[in-house]
Structure formats: C-alpha cells, structure tokens
Amino acid sequence: MTPSRPADDRLVGFTLRYPMMQKSRFIDPTLTMADHDNFKPNGSAYTLSQVSQYLSYVGLDESYHPSSHPVLDLDYLTTIFQAQITSFPYENLSIHYNPFHRILLDPQHLFTKLVTSPRRGRGGYCMELSIFFSHILRALGFSLIHYSGVRNRNRTNGTPQGPYNGYVHLVNILTLPNTNPAQQYILDAGFGGDGPTFPLPLTEHLIHHNTIGTQQIRYTRDWLPDQRFRDESKGALKHWIYEYRNSPEKPWNSYYAFVPEHEFTELDFENLNVYLSECERNHQTYTVLVIRFLRGGEEGEQKIKGKVMMVQGEVKQNLGGRTELVKVCRTEEERTEVLKEVFGINLTEEEKGAIRGWASELKGE
C-alpha cells in the first residue's frame, strides 16, 4: 500500500507513478519462501521481508523487490534513491523532541523509526539516513558499496565559506555492477536541500542539472588548503570536492570534500554521532532542521518537483524557481502543527514536551 503524503499533495498536487523494471537473476532458487523472508544479502542488517516493508512505504511495487529479479542498473538505482530522499526527510528532531536528546544509529532501531513505527513521516539526519540506506541497498542486491567520511564547510549568509571542518557527514559510494569500466556513484541520502537529487557519478568536472530550478552540481579534485602531505608518489590523495552553483552565470561554491579510498565504518560514525548530536557547540543541538524533497509530475513520470525546508521557525519552499518564505513559527504549537501539516511528521505528546527548556525551544518571542 502506498503511504499517504499529505504534505506533498497539499503543496504541489501530484500523483505518483513508477516505471516497471526488466528482470534478471538475484535470489538463490534453492531457498524456500521462509528462507527468502529471513535472508540478509550482502551483509545487510535487513531481511527480504523488511525490504518488502520498505518498498511499500516508499511507494514502489514488488517489481523492485529482489525476488522479482530486477536489473540493478542506473535507472533502478535512481528510482530507489529518489524514492528514498522524498520519503524520508532530513531532520534532526530526535535531538530536540526526544526525552533523551540523543540519536541512535543501530540499523534495526532506524528501521523501526523510519518504516514500522506508527508515527509515520519521520526521517533522520545524515548518519541515520545514510546508514539506513546503505543496508537497504545491500538488501536489494548491491554488494560493492562502502561509506566515506565527509568534511563540510560552514555556511555564512547562506554560502559555504572558510575552512573544511573535521568529519561531520558521510556518503555511500556504490560501484554499479556490470559497468565497464567500473563506474562509482555517490549516494548522499542525508545532506539536505543542496545535496544531489540523483546518484552522482564520481567523474571530475562533469556538470549536472540538480533537478530543481537552475542549480548545477559537479565534482572536482584538489588538495585542501590545510592538507600538508601532498606527495602523490608516496600515497598522498587529493580530495573529491562537491560543488554547486544556483545558475550557470554564478560562481561555484565548494561545499564538502571526501577521499573515496578512505573507508569509514559504522563504528567511526558512532563516535562522530556523539559530537554531532550531543555537543553544545555543534549547531545541530540548538537548531531544528527539516528538509523534505517533493516528488511528483505528469502521468507516467516520476520527478523531484521541489523542496520544503524549516530552520528553527522559518519555513521556506522551492517549487522549481526561487526559494520563498512561507511561514515563521514563533511558538512550539505553531511549529509542531507545521511539522504535521507541511512535512507530514507526527510527534507524540511526550516528544512535543521534551523540547521544553531546550535551547531550540520556540517561546513566542
């Protein structure tokens, strides 16, 4: 059953459509049906039964399930990725509207929070979404996938500026099977409004239109300003740098950097998660953030049509043109109502009360 999307329908009024996929081999024919349900492919934490729950939640039918033997090509990957980022918003509400004010990265906890919890509509911040999505991709049949840690730049007046921070983000790096030469794609399921809206090939200086409006994105490779070891003959590696510009006439903004050859593990992100979600110096702990991509289009097509964003009390939207201010929330009652009506996020009364006395609480000022 396709989940209801009151926020998307209310804002842009679209119907969801999904293409059917060709078929190929994936599931071992010797497995019984019960084995299929409990099988966890490629080291995923999730079973094929959980994959069915996931596909139902994001609005994709069983033709995308491994038991239907879909072709794991770029079209398939793009459909899964865009269903992911339009179904699970980037949000850090578990830091603010949570009696414990902390985030858990256990994959089964994430599956319950995002998919099976009766409080439908929840998402997560970067580490929650990307770890969850990595396990989904592995369960779908993608085996050549790993994490890489990412260094961001802070925004000043809306533009990334200054030095690259320490590792505060992550991306999934996936090698698409049956490509010659092997092609790697970056899957950033948890960056927010200026992140890629499709699997981005790891190719230098290749410019892409980022779906919404006139924004363009690309990767470059370079040394970071504070990178002292630069002897490539001894193994020094340049960083891949994600850049964007809001129109072809504007300058490129360098936003984040990573080294694909440096694999991070989930234990690495456990350490980073403590700083990002619990350190009072980090902006995540005093700023409520929600970004939801909107999906829709004409009959027979699936597209990302826009995005809605909340930063503390300000709510903005971009439906393909300029970003515009929609509302300013000044009280907690206003903000939780907007979370429900615009973003489709339903908080419990206990969660609503947990923000009282917290730095991010709206007090009507």
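Note that the numbering runs from 1 along the sequence shown for the chain.
- Around the CZ atom of Phe100, the shell of radius 6.0 Å holds no more than 12 heavy atoms that belong to other residues, nucleotides or ligands.
- Relative orientation of the Phe111 and Tyr46 rings is tilted, given thresholds of 30° and 60° on the angle between their planes.
- Close placement of the Tyr255 and Phe191 rings is indicated, their centers lying within 6.0 Å of each other.
- Salt bridge Glu337/Lys340: absent, no basic N to carboxylate O contact under 4.0 Å.
- The shortest non-hydrogen separation linking Leu289 to Asn92 is N-OD1, 2.9 Å.
- Between Ile80 and Tyr54, the shortest heavy-atom distance links the atoms O-OH, 4.1 Å.
- The minimum heavy-atom distance between Gly190 and Ser130, with the atom names listed, is N-OG, 4.1 Å.
- Contact check on Glu351 versus Arg122 returns a salt bridge, with a Lys/Arg side-chain nitrogen under 4.0 Å from an Asp/Glu carboxylate oxygen.
- For the atom pair OG (Ser117) and CG (Leu110), the distance works out to 12.5 Å, reported to the nearest 0.5 Å.
- With salt bridges taken as basic N to acidic carboxylate O contacts below 4.0 Å, one links Glu361 and Arg356.
- The structure places CD1 of Ile85 at 14.0 Å from OH of Tyr90, a figure rounded to the nearest 0.5 Å.
- Taking the six-membered ring wherever Trp is involved, the centroid distance between the rings of Phe258 and Tyr242 does not fall below 6.0 Å.
- For Phe198 and His208, the gap between ring centers is short of 6.0 Å.
- With rounding to the nearest 0.5 Å, the separation of CZ in Phe142 from CG in Leu144 is 10.5 Å.
- Taking both residues in full, the closest heavy atoms of Leu129 and Pro89 are given as CD1-O, 3.8 Å, listed atom of the first, atom of the second, then distance.
- For an aromatic pair to be called close, the ring centres must be under 6.0 Å apart, and Trp223 with His239 fails this.
- Geometrically, Arg153 engages Tyr164 in a cation-pi contact defined by less than 6.0 Å to the ring centre and at most 45° from the axis.
- Crowding of Arg221 atom CZ: a count of heavy atoms from other residues, nucleotides or ligands under 6.0 Å exceeding 12.
- A salt bridge is absent between Arg245 and Asp194; no separation between the charged side-chain nitrogens and carboxylate oxygens falls under 4.0 Å.
- Remark: Asp231 CG is packed, more than 12 non-hydrogen atoms of other residues, nucleotides or ligands lying under 6.0 Å away.
- For Tyr185 and Phe81, the ring centers are positioned 6.0 Å apart or more.
- The two atoms that bring Arg218 and Leu206 nearest to each other are CB-O, 3.5 Å, heavy atoms only.
- Annotation for Glu350: atom CD does not count as buried by contact number, only 12 or fewer foreign heavy atoms lying within 6.0 Å.
- For Arg322, the CZ atom is loosely surrounded, since the number of other residues' heavy atoms within 6.0 Å does not exceed 12.
- The distance from atom CZ of Arg230 to atom NZ of Lys238, rounded to the nearest 0.5 Å, is 9.0 Å.
- Between atom CG of residue Asn152 and atom OG of residue Ser254 there is a gap of 12.5 Å, rounded to the nearest 0.5 Å.
- Taking a 6.0 Å sphere around CD of Glu280, one finds it holds 12 or fewer heavy atoms contributed by other residues, nucleotides or ligands.
- Aromatic ring centroids of Phe132 and Phe88 lie under 6.0 Å apart.
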When you look at Glu128 and Lys113, which way does the salt bridge (Lys or Arg N to Asp or Glu O under 4.0 Å) test go after all the steps?
-> CA-CA 10 Å; Glu128 295 176 280; Lys113 175 187 177 182; 2.6 Å; yes
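- Smallest separation of non-hydrogen atoms from Leu60 and Thr79: CD2-CG2, 4.0 Å.
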